[in-house]
Structures are given as structure tokens and as C-alpha cells.
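Below you'll find the structure, written out as C-alpha cells, and then a few comments.
Sequential numbering from 1 along the given sequence is applied to the chain's residues.
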Amino acid sequence: MVDDKTLVAEAISARERAYVPYSHFAVGAALLDANGKIWHGCNIENASYTPTNCAERTAFFKAVSEGASNFVAIAIVGGAAGKPISDWCAPCGVCRQVMREFCSPQSFRVVLARTPDEYKAYSLADLLPEGFGPDDLERASCNHEQH
Ligand code: THU
């Protein structure tokens, strides 16, 4: 099985592909699925700013669009482009919500690193308490059908 240190190393190499001409803040992500496959992502910015995609969402959208559906963990690293990482980079709220769409809040692990050897893990539930997900809509539509 892929351990956290390996997943962090994969995120660090994914970060090298970040396209960040505006923020100069390079992020890398490595998403592990239940088959042991690692999906890589980097942030991809845009001159029009809003189309910018975070590294985490790049990894998720690559994976989901290729048929992956069962996710175990994601490692995330970020910091000034062209320099080694030296501080934690936590996922933005939008990316937490995308994780909530495809992952179990209790079991999905989010691994943050500030060096290749210094990392810490959270559950998605830690990072997105009382989140709103697909099950909430499902429950509402069941109630609707009863009336
Ligand atoms: N960014 C990510 O890719 N992931 C995060 O978790 C935080 C922010 C990106 C978006 C933008 O390209 C740059 O970092 C600065 O916000």
C-alpha cells in the first residue's frame, strides 16, 4: 500500500508542473484511489483569473473523468514557485467540497506536508465539519417522493 511519505513525494513532483504565471504560488496534489493508483494534479491559472483550477481539483477531475471512483487519500503541497516547499498548504473550501462529493468524510485522509519528511493527516470530516453532500440531496428526494 502507498504510505503517506510516498504520496507526499508524488505531490511534490506533481507541483513541478504548476502553471502559475499570476500568483507564483505552485501547488501539487497526489490522489490515491482504492486500486493503488495515484492521480497527480497541479494548479493551472488563467489570464482571466476565475477559470483557475486548484491542484486538488485537477487531480480529482482527471481521476473521475477516467473512471476512478473510490478514493483513499490525497497529499497536498504548496508554496512560492521555484522554491522548495517550507510551509503547510491546506485545501481551499471549494476543493474540500469537491472531496465531499466523491469521498467518505470519515475515512478519506488529507495529508499536508511542509517538507518531504514533515507531514500531518486529517480526515475530510475534520476539514469540512457538517458538510453538505450527495446523501443530503438523496434524502430530500426520498422525502419528496412520499408526498
Ligand atoms: N491553490 C491550489 O491549487 N490549491 C489550494 O489548496 C490553495 C490554492 C492555488 C490556486 C491559485 O492558483 C494559487 O494557488 C493561489 O491561490
Dump the intermediate steps for salt bridge (charged side-chain N to carboxylate O under 4.0 Å, His left out) on Arg100 and Asp135, then the final yes or no.
-> CA-CA 10 Å; Arg100 178 70 182 79; Asp135 38 319; 3.1 Å; yes
Answer with yes or no whether the hydrophobic clustering places Phe108 together with Phe61; edges join I, L, V, M, F, W, Y residues whose side-chain heavy atoms lie under 4.5 Å apart.
-> yes
What are the two closest heavy atoms between Ala11 and Ala75, and how far apart are they?
-> CB-O, 3.6 Å
Look at the side-chain heavy atoms of Ile, Leu, Val, Met, Phe, Trp and Tyr, link any pair under 4.5 Å apart, and say whether Leu32 and Trp39 land in one connected group.
-> no
So CD1 of Ile38 and OG of Ser13: to nearest 0.5 Å the spacing works out to 9.0 Å
Taking atom CZ of Arg109 and atom SG of Cys103, what is their separation to the nearest 0.5 Å?
-> 12.5 Å
Cluster check Ile76, Trp88: I/L/V/M/F/W/Y, side chain < 4.5 angstrom | yes
Any donor-acceptor pair under 3.5 Å linking the side chain of Glu45 with the backbone of Tyr22?
-> yes
Is the side chain of Ser123 donor-acceptor paired with the backbone N or O of Gln106 at a distance under 3.5 Å, no angle test?
-> no
Hey, quick one: are Phe102 and Ile74 part of the same hydrophobic cluster, counting side-chain heavy atoms closer than 4.5 Å, chains of contacts allowed?
-> yes
More than 12 foreign heavy atoms under 6.0 Å from CZ of Arg17: is that the case here?
-> no
Kindly give the heavy-atom pair with the smallest separation between Ala26 and Ala18, and that separation in Å.
-> CB-CB, 3.7 Å
Which distance, rounded to the nearest 0.5 Å, do you find between the CG of Leu112 and the CG of Asp87?
-> 10.5 Å
Any idea which heavy atoms bring Asp4 and Ala121 closest together, and the distance?
-> OD2-CB, 4.4 Å
For Gly79, does its backbone N or O pair with a side-chain atom of Arg15 as donor and acceptor, under 3.5 Å?
-> yes
Starting at OG1 of Thr52, measure out to CD1 of Ile44 and round the result to the nearest 0.5 Å.
-> 9.5 Å
With distance as the sole test, does Gln97 use its side chain to make a donor-acceptor pair with the main-chain N or O of Gly131 at under 3.5 Å?
-> no
Specify the closest pair of heavy atoms between Gly78 and Cys89, including all atoms of both residues, with the distance to one decimal.
-> N-CB, 3.5 Å
Phe71 and Phe60 aromatic centres sub-6.0 Å = yes
Can you tell me how far CZ of Arg96 sits from CD of Glu56, rounded to the nearest 0.5 angstrom?
-> 9.5 Å
Taken to the nearest 0.5 Å, the spacing of Leu124 CG from Met99 CE works out to 7.0 Å
Can Val64 be reached from Leu31 by stepping across I, L, V, M, F, W or Y side chains whose heavy atoms are under 4.5 Å apart?
-> yes
Counting N and O atoms only, with roles assigned by atom type, does the side chain of Asn35 sit under 3.5 Å from a partner on the main chain of Lys37, one being a donor and the other an acceptor?
-> no
